[in-house]
Amino acid sequence: RHCLELYPHFFFFFQEMAEIYIDKSDWKNALACLDAAIKACPADLEGQAIVYRQRGHCQMQAGQLSAADEAFLSGLQL
């Protein structure tokens, strides 16, 4: 979390935090980290596509199927 405070625009930190929550099946916090990652990397389209894929996976696991579809499509359209 300290890294996120020091480098708030470095989206890899948010992805790493999301992975920790994903390993714990904590979809709510994983999605919050992934949302922050999307905001932190607006110019990096490849990075955004990966984050949207991760977001779709989390939403699918959380039972949010229509939101997962939207996330997967967003990633594909980048």
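Heavy-atom basis, side chains included; hydrogens, waters and symmetry copies ignored. Being a predicted model, the structure only gives us computed values, none of them experimental. Index from 1, following the sequence.
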List the steps, then state whether side-chain contact (heavy atoms from CB on, under 4.5 Å) holds for Leu34 with Phe14.
-> CA-CA 6 Å; Leu34 293 170; Phe14 293 104; over 6 Å; no
Nearest heavy-atom neighbours spanning Cys58 and Ala30 = SG-CB, 3.9 Å
Apart from Ile50 itself, its cluster of hydrophobic side chains linked below 4.5 Å comprises none
Who passes side-chain hydrogen bond (donor to acceptor under 3.5 Å, both in side chains) against Glu70, sequence neighbours left out?
-> none
Hydrophobic side-chain clustering at under 4.5 Å (ILVMFWY, transitive links): who's grouped with Ile22? Put none if nobody.
-> Trp27
Answer with yes or no whether the hydrophobic clustering places Phe72 together with Leu78; edges join I, L, V, M, F, W, Y residues whose side-chain heavy atoms lie under 4.5 Å apart.
-> no
Residues passing the side-chain contact (heavy atoms from CB on, under 4.5 Å) test with Ala67, sequence neighbours excluded, are Gln59, Gln64
Common cluster, Phe11/Leu45, ILVMFWY with side-chain heavy-atom separation under 4.5 Å = yes
What salt bridge (charged side-chain N to carboxylate O under 4.0 Å, His left out) pairs are there with at least one residue in residues 56-68, not counting sequence neighbours?
-> none
State yes or no: do Phe12 and Tyr52 share one hydrophobic cluster built from I, L, V, M, F, W and Y residues joined by side-chain heavy-atom distances below 4.5 Å, directly or via other members?
-> yes
Interatomic distance, Ile38 atom CD1 to Ser74 atom OG [nearest 0.5 angstrom] = 8.0 Å
For Gln48, enumerate each residue passing the side-chain hydrogen bond (donor to acceptor under 3.5 Å, both in side chains) test, keeping only those at least two apart in sequence or located in another chain.
-> none
Mind jotting down which residue pairs meet the side-chain hydrogen bond (donor to acceptor under 3.5 Å, both in side chains) criterion with at least one end in residues 28-40? Sequence neighbours excluded, please.
-> Asp26-Asn29, Asp35-Arg55
